[in-house]
Amino acid sequence: MTRTIRVAVPGPFTEPLDYLVPSRLPLPRRGVRVRVPLGRRELVGMVTAAPSGSNLAADRLRPITAVLDDEPLLDEETSSLIEWAAHYYHHPVGDAYLTALPARLRQGQAAAPAIATVWTITAEGRETAPESLARQAPRQAVLLEALQAEEHLSPARLAGFDGDPRGALQRLVERGLASLTPVPDYGLIIGRGEESNLALNDEQIAAARAIQPGEGHEVVLVDGVTGSGKTEIYLDAIARSLAQGLQTLVIVPEIGLTPQLVRRFQRRLPGRIAVLHSGLGDGERLNAWLAARTGEADVVIGTRSAAFVPLRRPGLIVIDEEHDASLKQQEGFRYSARDLAVLRAHRLDIPVVLGSATPSLESLENVRRGRYTRYRLCQRAGDARPPVIQLLDMRGQPTRDGLSQPLIDQIHRHLEGGGQALLFLNRRGFSPTLICHECGWLAECDRCDARYTYHRGRGRLHCHHCDRERSLPHHCPSCGSVDLRPLGLGTERIETALQAAFPETPPVRIDRDSTRRRGSFERQMEAARRGDTRLLLGTQMLAKGHHLPAVTLVAIIDADQGLFGADFRAPERLAQLVVQVAGRAGRAERSGEVAIQTHHPEHPLLQMLIHGGYPAFAEAALAEREAAGLPPARAMALLRAEAPSREAPQAFLKAALAGAPRDPRVERLGPYPAPMERRAGRYRAQVMLQSDLRAPLQHLLTQWLPRLGRLPEARRVRWSIDVDPAETL
DNA sequence: TTTACTTGAGTT
DNA sequence: ACTCAAGTAAAT
C-alpha cells in the first residue's frame, strides 16, 4: 500500500498536493488536518482524499510531519461543499478549506472546546436529604437541593445564589456529597422554549406548512413586508426541526445579527443555540463551531461563513434577508453564502427558507422557473395599515440644507401628533464636496477619482474610498481665497438643519461616525425605542435597525443617487431601501407616511414602487434584465485587474482576452475601466463575461484562468475573478 | 565592495 | 502566499 494522501494547503494551488505518510504516523482520513512541509515552510493543510495513486513520481513527494486530528473535523458533506465552492468561484482549494475553519483550527490548535469546572452531585449526595444539613449549614442545604434537581452547577449558574456559594460548595465536596468535574463548555445559549402569545395567521400557516424538516428538499421563499411575521415562521419551523431532533442553521447578514434577534430565539426555542459571527473571540468562535459539528447545538445562528459549518444532524436551513449583498463575500474567496446554503440544503435533502421583504431578483427568477415556492405575507401584525408613500418634488423648491418646506411641515405635524420621524441619507459627513467659491477648485483625493468628504465634527476632510484624511485647508490652494464652501448633503449637515428647524426636538444622528464606540448603536436605538428620541436621522444602518413602534414618518432625503447609479443593480438597491424604510413606519396602531424627496418624481422606478409596490417593481426589473441580457437572466463573471499604472490592467486584460478560449455561447465585454477608475492609488479595469447558461461560462473559466497567471502582463497587476458578482464596480 | 531593493521561479 | 536566488541600483 502506498501511504500517499492528497492535502489541500494554503497557497495558489487549484488542486490539493500529494504527500507521503511516514509509517510512524496513522494514515489520516479525509477531513483530518495535517502538518506538511512546503518549500521552507511548514503549514496546516486538510486531507481531501483517502490514499490513492499520485500523479507525481513518488520520489518527489515529501512526508507529512504530523496528524492533527483523531477524527475528521469535516464530514464528507462539508468537505465536498467546500471543494465545490472552490471550483465554482475559482478560488484556491486550500484557501477555501482554511477560510471555512475557525482561526484556531486554521493555526493547528486542538479541536477541543473550552473546559469549565462544574460541581456535580455524587451518589452519596443523591441519597442525602437536604434537611439533614438545614440546621447547621443552611446554605449547603440549599445548594445540595439545587444539585439534586439540576445534576450539576456551572460557575455561571452560581450567580443565581446569594453571596458567593463557592465556600459552601467546597464544604459539600469535603462531605463527599459533591465533586468538581471538568466538562466541555461550548458557551451555548440555553433556549427557554416559551410559547408565542400570537397565533400564526392564515398566510403564515401556509408558509410554515411548506417547510417540513425531515421531509426532503424544498426551497421556500417567504416574501413579506416588515412586520408581517417572517421570524415567527422561522421560529415555528425551527421548533419543529428541533422536535425531530434535527439541527437548524440560520444565516443572517452581519448587521442583522442583533442581540435582539438572539434574545428572541433564546426566549422561544426549546434548544441550545450557538452564535457565530465576526465579533467573537477566537475561543468563542471555535466553541460555537465545535458545538455545531458535534451536535451539541440545536440551532446555529451565524453570518456568511457559517454556511460552511459542519452539522451533525441537519434538518433545516434558514437564510434571513436573502437579498442582502453582504451575504456575498466581496474579496478573496468570493462566495455567496445564500447560494451555497441552497445548494447545501439540496444535497442534504432538507428544506431551506429564504426570507426577505424585498427578495432578490435572482430568487424571484427561481420562483418563476418553478425551482422555489413563494409565499407572500401581506397582513401586517396587529392590523397595522401599510404606509402611504408620497413623492416630494424638489424641482424649484427652496431648500434649507436639503430639507424642503413640505418635508419640514410634515415632520412638524408628526412630532406634534406624538409620532417619531426617521430620516435617511446614505452619505456620511457634512458634505460630499468642498468647493472654492472664487475659482471652483474642488478638494479631491490624490489617490482616488473622488472628492473628499467634509466632516465638520472632526474638522477634517476624509476620503470614503481610501480612508485618507487631511486637515481642513484654510484657503484655496489654487487661488488663495478663504471662501471654501461645503457642496452637497451629508448626514452631519442634515443634523444641523434639523437642529435649526426643530430647536425643541434635538435630532439624533446614527451613522458609522456617531456609533463608532462599542455598543453606542444599541444604546441609541434603545433610547429611540423608549421614545426619548423623537427625531432620528441616519444612513442605511438605521434602515436595518430595530422595531421602533412609535415611528409615523419616514423620509428619504435624496432618492436621486439611487436612480442613476453606475451599477446595474442600483435601482434594485434603491427599491429595497425604500421598502425597508417604509417598513419602519406605522408599525403599531398609528398608520405611517413615507416621504421621498426627488428631482425626478416621474421616474418609472419610483412610479412603479408607489403604485405597485416592490412586486411590481421586481417584475418590471426582471423584464428589463431579460431584455438587457443581465443577471439573473444570464450568468455573469467579472475578471478584474488593478495596478499603480493605468496601462498595466488594460494590457493584462487585453492579453488575457486574446488568449481566451473561444465559445460563441459566452459573450465578452471590455476591457473597460471600473466606474471609479483610480482608487487608493490603483487603477482598476475589468472584463465582463456573460452567458445564457452557467455551464459554458464555467467551462471557459476552468480552461482559461490557469493560463492567466503565466502571462507576462500578469506580473504587473493584481487580478481576480468574481463569479456571480454582487457589484460590477 | 557592501547592502538594500526588485524580479522571477517554484513549492507535492 | 511565501521564500529564495539572481540581478540591479545606490551607498561606502
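Since the model is a prediction, treat every value here as computed from it, not as a measurement. Every chain is numbered from 1 and lettered A, B, ... according to where its sequence line falls, protein lines coming before strand lines.
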Problem set entry | Upstream residue (5' side of DNA chain C) when A:R40 and A:R718 are each assigned their closest nucleotide | A:R718

Seminar exercise, completed: Contacted region of DNA chain C by chain A, from 5' end to 3' end of the hits, cut-off under 4.0 Å to heavy atoms, spans C:dA1 to C:dC4

For this session: Please state how far atom CG in A:L61 lies from atom C1' in B:dT11, giving the value in whole angstrom units.
Result: 13 Å

For this session: Using atom CD of A:E42 as one end and atom P of B:dT11 as the other, report the distance to the nearest whole Å.
Result: 18 Å

Exercise. Which nucleotide in the list B:dG8, B:dT11, B:dT12 gets nearest to the side chain of A:Y19?
Worked result: B:dT12

Exercise. Quick one: is A:R6 getting a side-chain N or O under 4.0 Å of the B:dT12 phosphate, OP1 or OP2?
Worked result: no

For this session: Check salt bridge (charged side-chain N to carboxylate O under 4.0 Å, His left out) between A:D349 and all other residues, then give those that pass, not counting sequence neighbours.
Result: none

Exercise. Given atom CZ of A:F13 and atom C1' of B:dG10, what is their separation to the nearest angstrom?
Worked result: 8 Å

Problem set entry | Residue A:R716 excluded, over 12 heavy atoms near CZ under 6.0 Å | no

Donor-acceptor contacts under 3.5 Å from residues 649-658 of chain A side chains, at least two apart:
none

For this session: Starting at atom CG of A:L17, determine the distance to atom C1' of B:dT11, rounded to an integer number of angstrom.
Result: 8 Å

For this session: Take the protein atom CD of A:E713 and the nucleotide atom P of B:dG8, then report the distance between them rounded to whole Å.
Result: 12 Å

Exercise. Which is true for A:P12 with a 4.0 Å heavy-atom rule: it touches a base, it touches only sugar-phosphate, or it touches nothing?
Worked result: base

For this session: May I ask you to say what A:R41 touches in the nucleic acid, namely base, sugar-phosphate or nothing, with a heavy-atom cut-off under 4.0 Å?
Result: base

Exercise. So which pairs with a foot in residues 279-300 of chain A pass ring pair (Phe, Tyr, Trp, His ring centres under 6.0 Å), sequence neighbours left out?
Worked result: none

Problem set entry | Pairing residues for A:D722 by the salt bridge (charged side-chain N to carboxylate O under 4.0 Å, His left out) criterion, not counting sequence neighbours | A:K328, A:R334, A:R640

For this session: Please state how far atom CG in A:D18 lies from atom C1' in B:dT12, giving the value in whole angstrom units.
Result: 6 Å

Exercise. About how many Å separate CD of A:E322 and CG of A:D339, when rounded to the nearest 0.5 Å?
Worked result: 9.0 Å

Problem set entry | Protein-nucleotide distance (A:L43, atom CG; B:dG10, atom P), rounded to Å | 19 Å

Exercise. Can you list every ring pair (Phe, Tyr, Trp, His ring centres under 6.0 Å) pair that touches residues 302-325 of chain A, not counting sequence neighbours?
Worked result: A:F308-A:F333, A:F308-A:Y335

